[in-house]
Amino acid sequence: MSTEMPTEPVLQWYAENARDLPWREPAATPWSILVSELMLQQTPVVRVLPVWREWMDRWPTPAALAAEPSGEAVRAWGRLGYPRRALRLHACAVAITELHGGEVPDDHAVLLSLPGVGAYTAAAVASFAFGQRHAVLDTNVRRVLARLKSGVEHPPQTQTRAEVKLAESLLPEEPATAALWAVAVMELGALVCTARSPRCADCPVLERCAWYLNGKPPYDGPPRRGQTYAGTDRQCRGRLLAVLRQAPGPVEKPALDVVWSDSVQRERALDGLVADGLVDPLDDGRYALPS
DNA sequence: TATGCGTGGAC
DNA sequence: TGTCCAAGCAT
């Protein structure tokens, strides 16, 4: 242990306060952890839980999912949002089945090659599923480090090399400890060091927090991008895909037309869904989830 | 590197 | 009410 990082208080706090999440149980498999990580991208835990359980019951292995049409993954995705993730998870299942002997790879670089798996998810799976030592830098960890070490309320809008270096420098040497540290810092960010109204009174490292010691100065950087939604192509895509998810089979075009009045935007959104592989235009003019 | 990509809960 | 935010990725 070569840092001044308060590893022990954070690990202690985690031992006493961690949520009982099913993908953290001993029975969790690399596949179930990979599925949880894809689902959790930009999506709250409470909404992931029921869908993750359904998926694990139905597709306990990559081969089980790979044997089904990708449209079934899209349908079972429900309203989690960003449904391209369902497609990517299905593509993961196919790649794992066909290229990796049906086993989720444990190598970080190989994980990175999987669809929908970026720097964060590869590190998370390598760490949480295989106990390896990686800097796991998600929005929670970035926020905790920004406050604890940089003394600012929020991290930069886009991840910097300095943040990666900082996270790596704080990693305990022992892989098992590093993996525990990674999940503990994430949990601290999720439960205590939250974006709004952080619960500083409950923080195990408050007296070592640069932001707190600075008097918790408010964020003074550039305005953080607000996501508008109403009236966007995104909302339109969501409406169109919801029709297809709820239908037992292919639908006629008018069934799609009724959910969005602006025909120009509607056609653009539908074209986008087709281009993304989320919607299959049939020869008879109907539309379906992909097969 | 800036942008597009869903959805819904909290305040 | 509108705004902010939630375990990012691909292009």
Side-chain angles (χ1 to χ4, degrees), chain A residues 18-19 21-24 28 32-52 74 77-89 91-92 111-129 134-144 153-161 163 167 179 182-191 193-198 219 222-245 259-260 265 268-269 271-273 275-279:
Chain A
R19 291 168 290 181
L21 300 175
W23 44 82
R24 288 180 184 162
S32 72
I33 291 170
L34 176 62
V35 171
S36 79
E37 289 302 335
L38 265 290
M39 288 183 172
L40 286 163
Q41 289 170 5
Q42 303 284 282
T43 308
V45 166
V46 288
R47 287 178 36 214
V48 165
L49 279 169
V51 181
W52 181 87
V74 175
W77 196 251
R79 305 190 65 81
L80 278 186
Y82 292 150
R84 290 188 294 194
R85 292 181 292 165
L87 239 32
R88 291 171 184 156
L89 216 27
C92 273
L111 284 165
L112 256 186
S113 75
L114 295 174
V117 176
Y120 160 75
T121 303
V125 172
S127 180
F128 305 156
H134 295 279
V136 180
L137 207 49
D138 78 327
T139 187
N140 289 304
V141 176
R142 294 184 63 218
R143 188 174 55 249
V144 171
E153 184 177 18
H154 294 296
Q157 304 215 199
T158 57
Q159 186 177 304
T160 63
R161 185 166 290 106
E163 287 181 275
V183 72
V185 179
M186 279 182 66
E187 191 77 337
L188 186 65
L191 298 184
C193 196
T194 53
R196 284 182 298 188
S197 308
Y219 177 78
R224 314 195 316 133
R225 259 186 71 207
Q227 321 161 321
T228 55
Y229 184 61
T232 61
D233 285 12
R234 265 150 103 162
Q235 183 182 31
C236 183
R237 287 167 56 108
R239 294 244 188 111
L240 293 171
L241 200 59
V243 171
L244 290 168
R245 273 200 316 265
V259 300
W260 200 264
Q265 186 176 28
R268 181 172 68 236
D271 286 347
L273 288 169
D276 287 345
L278 283 163
V279 171

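Below, chains carry the letters A, B, ... as their sequence lines are ordered, and counting in each starts from 1.
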Could you give the [atom1]-to-[atom2] distance, from [X] to [N], as a whole number of Å?
X: A:Trp260; N: B:dG6; atom1: CH2; atom2: C1'; value: 12 Å
X: A:Leu80; N: C:dA6; atom1: CG; atom2: C1'; value: 12 Å
X: A:Gln159; N: C:dA7; atom1: CD; atom2: P; value: 14 Å
X: A:Leu191; N: C:dA6; atom1: CG; atom2: P; value: 12 Å
X: A:Met186; N: C:dA6; atom1: CE; atom2: C1'; value: 11 Å
X: A:Arg161; N: B:dT1; atom1: CZ; atom2: C1'; value: 13 Å
X: A:His154; N: C:dT3; atom1: NE2; atom2: C1'; value: 13 Å

So which protein N/O to nucleotides 9-11 of chain B N/O distances come out below 3.5 Å?
none

side-chain hydrogen bond (donor to acceptor under 3.5 Å, both in side chains) partners of A:Ser32, counting only residues at least two apart: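 side-chain hydrogen bond (donor to acceptor under 3.5 Å, both in side chains) list for A:Ser32, sorted by chain: A:Thr29.
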
Listed partners of A:Gln159 passing side-chain hydrogen bond (donor to acceptor under 3.5 Å, both in side chains), at least two apart: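 For A:Gln159 there are no side-chain hydrogen bond (donor to acceptor under 3.5 Å, both in side chains) partners, ignoring immediate neighbours.
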
C:dA6 phosphate, OP1 or OP2, under 4.0 Å from A:Arg143 side-chain N/O: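 Indeed, a polar side-chain atom of A:Arg143 lies that close.
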
Would you list the protein and nucleotides 8-11 of chain C atom pairs, both N or O, that sit under 3.5 Å from each other?
residue : atom : partner  : partner atom : Å
C:dG8   : OP1  : A:Thr139 : N            : 3.4
C:dG8   : OP2  : A:Gln42  : N            : 3.0
C:dG8   : OP2  : A:Gln42  : NE2          : 3.1
C:dC9   : OP1  : A:Gly118 : N            : 2.8
C:dC9   : OP1  : A:Gly118 : O            : 3.4
C:dC9   : OP1  : A:Thr121 : N            : 3.0
C:dC9   : OP1  : A:Thr121 : OG1          : 2.7
C:dC9   : OP2  : A:Tyr120 : N            : 3.4
C:dA10  : OP1  : A:Gly116 : N            : 2.7

I'd like to check the side-chain contact (heavy atoms from CB on, under 4.5 Å) partners of [X]; sequence neighbours left out, ordered by chain and number.
X: A:Pro50; answer: none
X: A:Tyr219; answer: A:Glu153, A:His154, A:Gln157, A:Pro222, A:Arg224
X: A:Ala184; answer: A:Val10, A:Leu11, A:Tyr14
X: A:Arg84; answer: A:Arg88, A:Arg237, A:Asp276, A:Leu278

Any donor-acceptor N/O pair, A:Glu187 side chain to A:Val183 backbone, under 3.5 Å: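 Not confirmed, A:Glu187 side chain does not pair with A:Val183 backbone.
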
Check: A:Arg24 side chain, A:Arg19 main-chain N or O, donor-acceptor pair, under 3.5 Å: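 Yes: the side chain of A:Arg24 pairs with the backbone of A:Arg19.
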
Checking all strands, does [X] fall into the base, sugar-phosphate, or nothing category for heavy-atom contacts under 4.0 angstrom?
X: A:Leu21; answer: base
X: A:Arg19; answer: base
X: A:Trp77; answer: nothing
X: A:Ala195; answer: sugar-phosphate

Members of residues 233-242 of chain A that approach DNA chain C, where some heavy atom sits under 4.0 Å away: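 The stretch gives none, as no residue of it lies under 4.0 Å from the strand.
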
Point-to-point distance, once rounded to the nearest 0.5 Å, from CD of A:Gln235 to CG of A:Leu240: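 Result: 10.5 Å between the selected atoms.
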
In a table with atom names and distances, give each donor-acceptor pair under 3.5 Å that connects a side chain of residues 41-49 of chain A to protein atoms at least two apart or in another chain.
residue : atom : partner  : partner atom : Å
A:Gln41 : NE2  : A:Gly116 : O            : 3.3
A:Gln41 : NE2  : A:Thr121 : OG1          : 3.0
A:Thr43 : OG1  : A:Met39  : O            : 3.4
A:Thr43 : OG1  : A:Gln41  : O            : 3.0
A:Thr43 : OG1  : A:Arg85  : NH1          : 3.1
A:Thr43 : OG1  : A:Arg85  : NH2          : 3.0
A:Arg47 : NH2  : A:Arg79  : O            : 3.3
A:Arg47 : NH2  : A:Leu80  : O            : 3.3

Salt bridge (charged side-chain N to carboxylate O under 4.0 Å, His left out) against A:Arg161, all qualifying residues, sequence neighbours excluded: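 None.
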
Partner set under salt bridge (charged side-chain N to carboxylate O under 4.0 Å, His left out) for A:Arg234, not counting sequence neighbours: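 With sequence neighbours excluded, A:Arg234 shows a salt bridge (charged side-chain N to carboxylate O under 4.0 Å, His left out) to no residue whatsoever.
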
Interatomic distance at P, C:dA7 relative to B:dG4, whole Å: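 Roughly 23 Å separates the two P atoms.
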
Nucleotide nearest A:Glu37 when distance is taken to its side chain, options B:dT7, C:dA7, C:dA6: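 Between B:dT7, C:dA7, C:dA6, the one nearest the side chain of A:Glu37 would be C:dA7.
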
